[in-house]
Amino acid sequence: MVESGVNPDILLKGGYGHSLHIWDLRKRTHLKGLDLGAEHQMVLELRPAHDPAKAYGFVGVVVSLKDLSASIWLWHRENNDWKIQKVIEIPAEPADPEKLPPLLKGFKAAPPLVTDINLSLDDRFLYVSCWGTANFSNTMFPIPFIRSL
């Protein structure tokens, strides 16, 4: 599936995954699947809060089939149920089609391709690395929202 790189046929058919699954590791049971929508492919890089009493974290989505954007989602527990919401969308960057691989020429853009996220030890900053556009950024999230989780 990925030995020779991303397979365009699998990607365009939505075959790389668009859900986050919550498990009870002690009981070894699946609790819930959080579907992000078929357009959001390659749900990778899960970063939970460092405080074990807090039930939230972030997950990166490598690419959207709709517009080649990438995204960061916040997952959290609310009223004894698991929820997920998109908190950051990173747009594709315009690019010369002659410099793009065949799959991307029609888009005339380079996808950010989120490949790594990291949460600071105080849970105040999220660092995002975009391999496709060679960008690295950090974001401070609204502390009142996170503290309420």
Side-chain angles (χ1 to χ4, degrees), residues 1-50 54-79 81-121 123-142 145-146 149:
M1 187 183 252
V2 293
E3 276 182 1
S4 300
V6 174
N7 181 318
D9 293 329
I10 295 172
L11 178 64
L12 295 174
K13 290 177 184 171
Y16 280 109
H18 51 87
S19 296
L20 174 68
H21 295 275
I22 308 294
W23 288 79
D24 181 329
L25 296 179
R26 288 187 183 104
K27 295 179 183 175
R28 297 181 180 191
T29 57
H30 182 261
L31 298 177
K32 185 172 187 175
L34 302 171
D35 192 331
L36 283 61
E39 76 180 54
H40 300 289
Q41 287 293 296
M42 299 185 189
V43 179
L44 303 174
E45 290 299 320
L46 186 69
R47 294 294 178 259
H50 289 90
K54 303 287 186 178
Y56 75 88
F58 299 93
V59 65
V61 173
V62 176
V63 67
S64 166
L65 297 179
K66 180 181 79 174
D67 58 9
L68 298 182
S69 65
S71 52
I72 305 296
W73 298 65
L74 169 69
W75 51 269
H76 58 96
R77 196 166 185 173
E78 183 179 301
N79 298 325
D81 192 20
W82 292 97
K83 309 279 185 183
I84 193 161
Q85 66 190 70
K86 188 188 313 184
V87 292
I88 299 174
E89 186 167 288
I90 306 162
E93 293 184 8
D96 178 358
E98 295 303 314
K99 296 180 180 179
L100 294 170
L103 179 65
L104 301 177
K105 286 185 185 297
F107 287 99
K108 299 179 184 174
L113 304 175
V114 168
T115 53
D116 190 40
I117 62 174
N118 201 358
L119 192 56
S120 65
L121 291 176
D123 293 333
R124 292 182 55 220
F125 295 92
L126 184 69
Y127 299 91
V128 180
S129 177
C130 298
W131 181 79
T133 55
N135 290 329
F136 180 77
S137 63
N138 70 319
T139 303
M140 191 166 113
F141 287 91
F145 176 75
I146 291 177
L149 294 177

Inset, instruction - Would you sort out whether Asp123 and Arg47 count as a salt bridge (Lys or Arg N to Asp or Glu O under 4.0 Å), showing the intermediate values? - result: CA-CA 10 Å; Asp123 293 333; Arg47 294 294 178 259; over 6 Å; no

Legend entry - Closest contact, heavy atoms only, Ala109 versus Ala92: CB-CB, 3.9 Å

Legend entry - NZ (Lys108) with more than 12 external heavy atoms under 6.0 Å: no

Legend entry - Other residues, nucleotides, ligands: >12 heavy atoms within 6.0 Å of Trp82 CH2: yes

Inset, instruction - Look at the aromatic rings of His40 and Trp73 and report parallel, tilted or perpendicular, splitting at 30° and 60°. - result: perpendicular

Inset, instruction - Measure from the side-chain N and O atoms of His50 to the backbone N and O of Ser120, and report whether any donor-acceptor pair falls under 3.5 Å. - result: yes

Legend entry - Spatial distance of atom CD1 (Ile84) from atom CZ (Phe58) [nearest 0.5 Å]: 11.0 Å

Legend entry - Separation of Arg77 CZ from Lys83 NZ (nearest 0.5 Å): 12.0 Å

Inset, instruction - Quick one: pull up CG in Asn7 and OH in Tyr16 and give me the separation to the nearest 0.5 Å. - result: 5.0 Å

Inset, instruction - Tell me, yes or no, whether the heavy-atom count around Lys105 atom NZ, taken from other residues, nucleotides or ligands under 6.0 Å, exceeds 12. - result: yes

Legend entry - Atom pair NZ/CG of Lys32 and Asp35 - distance to nearest 0.5 Å: 11.0 Å

Legend entry - Leu119 side, atom CG; Phe125 side, atom CZ - distance, nearest 0.5 Å: 11.0 Å

Inset, instruction - Would you name the heavy atoms of Ser19 and His21 that are closest together and state the gap between them? - result: CB-NE2, 3.7 Å

Inset, instruction - Might you point out which heavy atoms bring Leu11 and Leu65 nearest each other, and give the distance in Å? - result: O-CD1, 3.5 Å

Inset, instruction - Give, for atom CD of Glu45 and atom CG of Asp116, the distance between the pair rounded to the nearest 0.5 Å. - result: 4.5 Å

Legend entry - Within-4.5 Å side-chain heavy-atom neighbours: Met42 and Leu113: no

Inset, instruction - Flag the pair Trp75 / Leu46 as yes when at least one side-chain heavy-atom distance between them is below 4.5 Å, and no otherwise. - result: yes

Inset, instruction - Provide the closest heavy-atom pair for Pro111 versus Leu104 in the form atom of the first, atom of the second, distance. - result: CD-CD1, 3.6 Å

